[in-house]
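These notes concern the structure reproduced below.
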Amino acid sequence: MLDNTSVFKSWVPNWAIIVILFFCMLHSMILLGVYSSNVTYASSFLDIEPEDLQFSMCVTYGTLLATILIESRFSKFFPTKKYLIAVFCLVAFTIMLSAYVKNFSLFIMIRMAEGFLMALPGVPLRQLLITRFKSKNAIIIGFTFNYGALLLSSPFIMNIAVWLLENYDWKYMAYGSALFQIICVLLIMITFNDSRLHRKIPLYQIDWTSFVLLLIAILCGAYFFVYAEKKYWFESFEIRFALIASLISTGLFIFRQLHVKRPCFDLNVFRYANLRIGFLLFFLFYIGRATLNICHSTMFSVWNWEPSRVAHIQFLNVIGNIIGMVLAAVFLAKTVASKYIFMLGFFILAVFHLWFTFLFVPDISLSAMAIPYVLQGVAVGVLFVPLVLFTMSSVPTGLAPYSGAIGVSGRFWGSTIGFCIMQNAEKFFQKSHFTKLTQFIAPENPETQSRIAQTAQGFIGKGFNPDEANLLAMKQILGSVTKQSILLSNMEIFTLVGYGLLIVVILLGINQHLKQTFDVFKNRVWNSF
């Protein structure tokens, strides 16, 4: 690496450089959050199902995962200033384009382009940010800033989205996101000079074949997990084809990495026990995080809370995230063993699930759910950065960039498979409970007849004729049964996840391979994503 201090103009103070770098690193937050912040509205705008929108998120993040293996070739070929300006301009263009596209296939292609572009500036910006801190804990500070922004992005974007949707058109979300990218361009133009961050490396050595194979494997695998339940699993030709294509392309990718002279991914990283543990913990962590969407869907569908209220409540989770990240930073600075940090984080996450199990009732006050809701944020904050650093620093210096890719893959597959697990679990438990509950409201049941008659009488008093009143009364009762089946299924899911997380805590406690390996400076983890 060249002297990266020369990348900035001499008149720019250090504090301003830190603020500008942090601001520019938020662009990935925008790309990930702009369409996930309000799934229902975004789905209706694009005339697609929620599963389609989830798949579009997988496309963006999956493309990012494949791109980080070849990103360094681009950042080392182009001058830093021109490279970042070009990336942010292209991102602004793709976001604006996505606002006017309603064809889902074209929309997916745009999201793929956004995933590619999202991966490009991440490493150079984080690398520059870390070097601005003079503390011996610069790595911890830099990563806490970087990944903290990702953790805190969803609630902020959700609140912005709700405000825009209540006052303006959906397209203003894209306008605001594109404007953010343009501001980044202006800041870079003002503060950066034309010096290079790295020595120039030619582009012809990019392994595009491996990139394409890995991208096919990721996207086909994501398609399988997102749509499997909706398409009845292996009864669908598309699901069978997606799984076979994913397995074949994965095999070809591995075969190529074993036989090419310069592999873009060194499979030797899997020889290290701590890296395998780090991947598994990321995977379990994201599955545990997936249940928060169940809480939010319950707020909408059962408790009938307004979108603005749900958006504002998410700031409680943000407070928990901040508390957790501060605790994690203190633990890391004091070199607390990774094992104990992970045990604490997963234990708090288990407490959240087991506590919230008793809160799935037909109606609830904010004060009753505030503490466990904050605890979920604390658990996530405690776990996230230590997991990143643990995974990246679990291998020798030469393999550090590949361990970063493993961490990203753990997050990707954990969130994708977590969505699949929760989707299938909700459908299975809701169907089971609905079937059992409807047995008690059979038309010939005297108690059911009495309740229908009582409810119908209320509708007749509102001006409906007897036939309409009876129909509305039956719909209301079925609606109550549906809500009750949702609450019961949520209780079962949270109980199972809670006990599963307690088992993880116990296994962490008895694991002999999990040990502190945070020699982060030696491993140069800032070269990994």
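This is a predicted model, so every value here is computed, not measured. The figures here come from the full heavy-atom set of this structure, side chains too, leaving out hydrogens, waters and symmetry mates.
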Please report the shortest heavy-atom distance between Pro121 and Leu84, naming the atom on each side.
CB-CD2, 3.6 Å

Please work out whether the ring planes of Phe55 and Tyr223 are parallel, tilted or perpendicular, with thresholds of 30° and 60°.
perpendicular

Evaluate the side-chain proximity of Leu387 to Phe342: yes if any heavy-atom separation is below 4.5 Å, no if none is.
yes

Test your reading of the model: is there a side-chain donor-acceptor pair from Thr250 to the backbone of Ser246, 3.5 Å cut-off?
yes

Would you name the heavy atoms of Gln257 and Ser210 that are closest together and state the gap between them?
NE2-OG, 2.8 Å

Going from CD1 on Ile188 to CD1 on Ile183, what distance comes out if it is rounded to the nearest 0.5 angstrom?
12.0 Å

Quick one: does Phe346's side chain get under 4.5 Å of Leu281's, heavy atoms only?
yes

Dump the intermediate steps for side chain to side chain contact (heavy atoms under 4.5 Å, CB included) on Val388 and Phe282, then the final yes or no.
CA-CA 9 Å; Val388 171; Phe282 257 126; 3.6 Å; yes

Evaluate the ring planes of Phe234 and Phe224, with Trp represented by its six-membered ring, and classify them as parallel (under 30°), tilted (30 to 60°) or perpendicular (over 60°).
tilted

Search all heavy atoms of Ser338 against all heavy atoms of Phe390 and return the closest pair with its distance.
OG-CD1, 3.6 Å

Kindly state whether the ring of Tyr227 and the ring of Trp233 have centres lying under 6.0 angstrom apart.
no

Interatomic distance, Ile503 atom CD1 to Leu508 atom CG [nearest 0.5 angstrom]
12.0 Å

Grab the two heavy atoms, one from Phe116 and one from Phe211, that are nearest each other, plus how far apart they are.
CD1-CZ, 4.1 Å

Taking it one step at a time, do Asn490 and Phe356 satisfy side chain to side chain contact (heavy atoms under 4.5 Å, CB included)?
CA-CA 9 Å; Asn490 291 350; Phe356 224 91; over 6 Å; no

Do Met422 and Val497 come within less than 4.5 Å of each other through their side chains, counting heavy atoms only?
yes

Could you walk me through whether Trp208 and Ile70 pass the side chain to side chain contact (heavy atoms under 4.5 Å, CB included) check?
CA-CA 8 Å; Trp208 289 108; Ile70 61 173; 3.8 Å; yes

Quick check on Phe93: does its CZ atom have over 12 non-hydrogen neighbours (other residues, nucleotides or ligands) under 6.0 Å away?
no

Distance-minimising heavy-atom pair for Met189 and Lys81
O-NZ, 3.4 Å

Side chains of Cys58 and Val226: does their closest heavy-atom pair fall under 4.5 Å?
yes

Output the distance between atom CD1 (Ile287) and atom OG1 (Thr416), rounded to the nearest 0.5 Å.
10.5 Å

Stepwise side chain to side chain contact (heavy atoms under 4.5 Å, CB included) check, Ile322 with Ile319:
CA-CA 5 Å; Ile322 295 172; Ile319 293 172; 5.8 Å; no

When you compare the side chain of Phe494 with that of Phe352, does any pair of heavy atoms fall below 4.5 Å?
yes

Give a yes or no on whether Met109 atom CE has more than 12 heavy-atom contacts from other residues, nucleotides or ligands under 6.0 Å away.
no

Please report the interatomic distance OG1(Thr63) to CG(Leu214), rounded to the nearest 0.5 Å.
10.0 Å

Should the pair Arg276 and Phe279 be classed as cation-pi, given the thresholds of under 6.0 Å to the six-membered ring centre and 45° from the axis?
no

Let me confirm one number: the CG-CG distance from Leu65 to Leu219, rounded to the nearest 0.5 Å.
10.0 Å

Check whether any side-chain heavy atom of His353 sits under 4.5 Å from a side-chain heavy atom of Gln376, and report yes or no.
no

Below 4.5 Å, heavy atoms only, C-beta onward: do Ile493 and Phe360 meet side chain to side chain?
no

For a 4.5 angstrom cut-off between non-hydrogen side-chain atoms, does Tyr373 reach Leu292?
yes

Atom pair OG (Ser489) and CZ (Phe429), whose distance is rounded to the nearest 0.5 Å
8.0 Å

Can you name the nearest heavy-atom pair linking Thr94 to Ala113, along with the distance?
CG2-CB, 4.4 Å

